[in-house]
Amino acid sequence: MAQLLKALLSVSEKSANIARLWRQEETLFQMLIEEKTGMDKNKKFVQDFKTLADVLIQEVIKHDVGQKFPELKSYIGGEESNKFENGLGETIIVEVCKTKQETAGLLYHILDHSEVAAQLLADVIHQDVVIEDAAAETVTVNIATEAMGIWIDPIDSTNQYIKGKTDVIPIDGIYPYGLKSALVLIGVYDRNTGDPVIGIINEPFYQQDCKTLQWRGHYYWGISYNGTNISSVPRPEPQPSISVVLSSSENENTKQSLSCLCGRKMYYACGAGYKFLCLLTGHVDTYVFSEDTTFKWDSCAPHAILKALGGGILDLAGSLKTKGKQHAELPELKYNKPIQGAMGANQWANQGGLIAFVYRSHAEVILNVLDQVSIN
Ligand code: 2IP
Ligand code: CA
C-alpha cells in the first residue's frame, strides 16, 4: 500500500475524531456554542474558539504527516494560521508537542484554563490511529513524495459545523445544510505539474446511532498518478437527465440558465467539499460555481478523487474563454501557483470559478449553456 495514502487516511480519521469530540464532549461543546447564549463580552473569545477546532486539526495533520514524511513538511498548506489569540489578547502558537502532557499544558492556556478540555483533546491528538482498509492495502503506486505538496481544509463548512443541525431532511439524498456538510479535506498535488494526486475526504458525521447519539464517520479516497487511477468509490452511473448542485450564493443569471437545463434536478447545498462529495456518491452530475470564493484547500482532495473516476474540475472562466478555439484544451484547476498580486488566502482562490464533473460530456453541456449568458 502507498505509505502516504495510509498515513493520510490515519490522520484524516484522527481529525474526524477531534471534530466529533469537540461536538460531543460537554465541556468542549459549550465552548463552541457559547456565542448563542449572547455573552457579548466574550464575542472575540468565542470567535477564536470557533476557529480553534480548525487550527488544531490542521496542526495535527501537519505534525503527523511531517513526522512520517519530513520532505513534505514545508509544503503542507491550509486555510488557517497557527497563531491563536486568546480572550486576554495573548498570541499563542498552536502546535502538537512532543508529549501528551506538553500538548495538554499548551491547550490548557488556550482553552481558558479548562483542564478537562485540554486533557480530552491531548488524548485524541496523541492517539495512534490504525486504519484497516483492504482496498487501500492493495495500492502499490510509488508516489515521489519529494515532489508533492498538500492542501488541508481541516473542517470545511465550519459554519454548519458550529450550528450542528442534525434534523435536516435530504432532497433526493442531498442535505441542503447541516452537520453532514462538515468534512475534513486532505489533498496531495504534484508541485511540478500542479495536478491533484491523492484525495481524502473524511465525513465525521456520516451516521448517528439513535440510541447512544454517537456519530460514526466514513471516508473516501482516490489516487490519480502516472496513469494509475484508483478510488475507494465506484464510478457513478450517469443519470438520464443532467443534474447540478449550486451554492446558495450563486448569481441569478447562472441559476436561471441552469434551471432551464436541469429543471427540478437543480439542488443547493452548503460546503464546497460536500457539493463535490455529492458527485462522488452519484447524487448529482455536476457542481458549478461562478464566484471566486472557493480555494485550493476546498477542491484539491475532491479533484484527485474525481480524476481517479475519470472526471475532473475545470476552471469555469478559463473554459468559457477557451471553448470553441480549435485544439485548445479546457483548463483544469491547478494547485501549485499563487495568483500574482493577490494577498493572503486570496492568492489561492479558484479565481475563475469551477465546473466539477464525473462525465466530461456533462461539463460540455453546462459550458454550452453558460456560454450564452453573462455569469458575472
Ligand atoms: C467554505 C465553505 C462554504 C463555501 C465556501 C468554502 O469553507 O465550504 O460553505 O461556500 O466556498 O470556502 P458555499 O457553502 O456557499 O459553497 P470553510 O467553511 O472552510 O470556510
Ligand atoms: Ca473550506
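Just so you know, ligand 1 is whichever comes first in the structure, and atom 1 is the first atom listed for that ligand. Remember, it's a predicted structure, so these values are computed and weren't measured experimentally.
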### Task
Can you figure out which of Ser249, Ala272, Ser181 has its heavy atom closest to atom 4 (C) of ligand 1?
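Result: the heavy atom closest to atom 4 (C) of ligand 1 is in Ala272.
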### Task
Name the option, out of Gly273, Gly271, Ser247, Ala349, that contains the heavy atom nearest to atom 14 (O) of ligand 1.
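Looking at heavy atoms only, Gly271 sits closest to atom 14 (O) of ligand 1.
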Within a 6.0 Å radius of atom [atom1] on [X], are there more than 12 heavy atoms belonging to other residues, nucleotides or ligands?
{"X": "Gln24", "atom1": "CD", "result": "yes"}
{"X": "Ile169", "atom1": "CD1", "result": "no"}
{"X": "Glu59", "atom1": "CD", "result": "yes"}

### If only protein N, O or S atoms under 3.0 Å count, total around the Ca ion (ligand 2)
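That number is 3, waters not included.
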#### Entry: salt bridge (charged side-chain N to carboxylate O under 4.0 Å, His left out) evaluation trace for Arg191 with Glu146
CA-CA 9 Å; Arg191 298 208 308 277; Glu146 65 287 351; over 6 Å; no
### Message
Show, in sequence, the C-alpha distance, side-chain angles and deciding distance for Asp285 and Lys265, and conclude whether the salt bridge (charged side-chain N to carboxylate O under 4.0 Å, His left out) test is met.
### Response
CA-CA 10 Å; Asp285 299 313; Lys265 291 179 105 187; 5.5 Å; no
Hey, is [X] touching ligand 1 through its side chain, its backbone, both or neither, going by heavy atoms under 4.0 Å?
{"X": "Ile155", "result": "backbone"}
{"X": "Asp298", "result": "side chain"}
{"X": "Gln160", "result": "neither"}

So which heavy atom in the protein is nearest [atom], and how far is it from that ligand atom?
{"atom": "atom 20 (O) of ligand 1", "value": "Glu79 OE2, 3.2 Å"}
{"atom": "atom 5 (C) of ligand 1", "value": "Thr293 O, 3.8 Å"}
{"atom": "atom 16 (O) of ligand 1", "value": "Lys275 NZ, 2.6 Å"}

### Message
Are any of the N/O atoms on Asp156, whether in the backbone or the side chain, positioned under 3.5 angstrom from an N/O atom of ligand 1?
### Response
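Yes, Asp156 has an N/O under 3.5 Å of an N/O on ligand 1.
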### Task
Give yes or no for whether the N/O distance cutoff of 3.5 Å, strictly under, is met between Thr158 and ligand 1.
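Looking only at distances, the answer is yes, because the N/O contact criterion of under 3.5 Å is met.
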### Task
Would you mind reporting whether Met266 and Val245 have side-chain heavy atoms less than 4.5 Å apart?
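The answer is no, as the side chains (C-beta and beyond) never meet within the 4.5 Å cut-off.
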### Message
With a 4.5 Å cut-off on side-chain heavy atoms, are Leu56 and Leu107 touching?
### Response
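Yes - at least one pair of side-chain heavy atoms lies under 4.5 Å apart.
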### Message
Check Asp315 with Lys334, please: is the shortest side-chain N to carboxylate O separation under 4.0 Å?
### Response
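Looking at Lys334 and Asp315, the cut-off is not met.
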### Query
What residue among Ile198, Asp133, Val141 forms side-chain contact (heavy atoms from CB on, under 4.5 Å) with Leu5?
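It is Ile198; the other options fail the test.
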### Query
Measuring to protein heavy atoms, does anything land under 4.0 Å from atom 10 (O) of ligand 1?
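Given the 4.0 Å limit, the answer for atom 10 (O) of ligand 1 is no, no protein heavy atom qualifies.
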### Candidates Phe276, Trp151, Tyr335 - the one meeting ring-ring contact (aromatic ring centres under 6.0 Å, His included) with His303
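Per the ring-ring contact (aromatic ring centres under 6.0 Å, His included) rule, the option paired with His303 is Tyr335, out of Phe276, Trp151, Tyr335.
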### Message
Is the distance between the ring centroids of Trp215 and Phe205 under 6.0 Å?
### Response
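Ring-ring flag for Phe205/Trp215: true, centres closer than 6.0 Å.
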Which ligand 1 atoms, with their elements, are less than 4.0 angstrom from a heavy-atom of [X]?
{"X": "Cys270", "answer": "14 (O)"}
{"X": "Thr294", "answer": "11 (O)"}
{"X": "Asp153", "answer": "19 (O)"}

### Message
With a 3.5 Å distance limit and no angle check, can you tell me whether Asp292 reaches the backbone of Asn350 through a side-chain donor-acceptor pair?
### Response
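Pair absent, no side-chain N/O of Asp292 close to backbone of Asn350.
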### Message
Looking at Tyr161 and Ala19, would you say the former's side chain and the latter's main chain have a donor-acceptor pair under 3.5 Å?
### Response
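A pair under 3.5 Å: yes.
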